[in-house]
Amino acid sequence: MHIEKIEYGPEKEGFWSQVAFALIILLTLAAAGITGIIFLKILSSDAEIASTRQFIEDVGKLFAYLLFDLAAIIYLYVKGLLQDEYVTTLE
């Protein structure tokens with residue numbers, strides 16, 4: 001018989017959890033801004049400009065910034081705000 005009991009650790013409190021929350025808010029606003037810039041570049045560009053290498057590189061860089069931003073949000077959420085869980089195994 002294998003029973004697992006998940007116990008939730010203490011809630012994240014203190015200075016670092018507040019910093020993580022503030023950074024998550026700022027990074028979310030940055031992600032929204034980057035997404036808006038990407039949409040504006042794609043929708044407002046002419047076909048001749050959109051088919052150039054420079055345009056594709058610029059949009060690719062913006063996508064890379066957006067991906068890094070979203071990864072930072074997830075990291076801060078997991079490390080800064082999400083509760084720790086302890087798994088106890090009984091046999």
- Query: Once you round to the nearest 0.5 Å, how far does CD1 of I38 lie from CG of D58?
  - Reply: 11.0 Å
- Query: Taking a hydrophobic cluster as the set of Ile, Leu, Val, Met, Phe, Trp and Tyr residues connected by side-chain heavy atoms closer than 4.5 Å, whether directly or through intermediates, do L70 and I24 fall within one such cluster?
  - Reply: yes
- Message: If the condition is side chain to side chain donor-acceptor pair (under 3.5 Å), which residues does E48 pass it with, not counting sequence neighbours?
- Response: none
- Query: In Å, rounded to the nearest 0.5 Å, how long is the span from CD1 of I73 to CG of D69?
  - Reply: 4.5 Å
- May I have the step-by-step check of side chain to side chain contact (heavy atoms under 4.5 Å, CB included) for L81 and L76, ending in yes or no? CA-CA 7 Å; L81 296 180; L76 285 171; over 6 Å; no
- Query: Do F68 and I25 share a hydrophobic cluster (ILVMFWY, side-chain heavy atoms under 4.5 Å, transitive)?
  - Reply: no
- Before accepting this row, confirm whether a basic side-chain N of the pair E57/R53 lies closer than 4.0 Å to the acidic partner's carboxylate O. yes
- What is the distance from atom CG of L27 to atom OH of Y77, rounded to the nearest 0.5 Å? 15.5 Å
- Let me know which of T35, I42, I37 forms a side-chain contact (heavy atoms from CB on, under 4.5 Å) with F39. T35
- Rounded distance [0.5 Å steps], CG in L23 versus CH2 in W16: 9.5 Å
- Query: Which heavy atom of F55 sits nearest a heavy atom of A50, and at what distance?
  - Reply: CD2-O, 3.4 Å
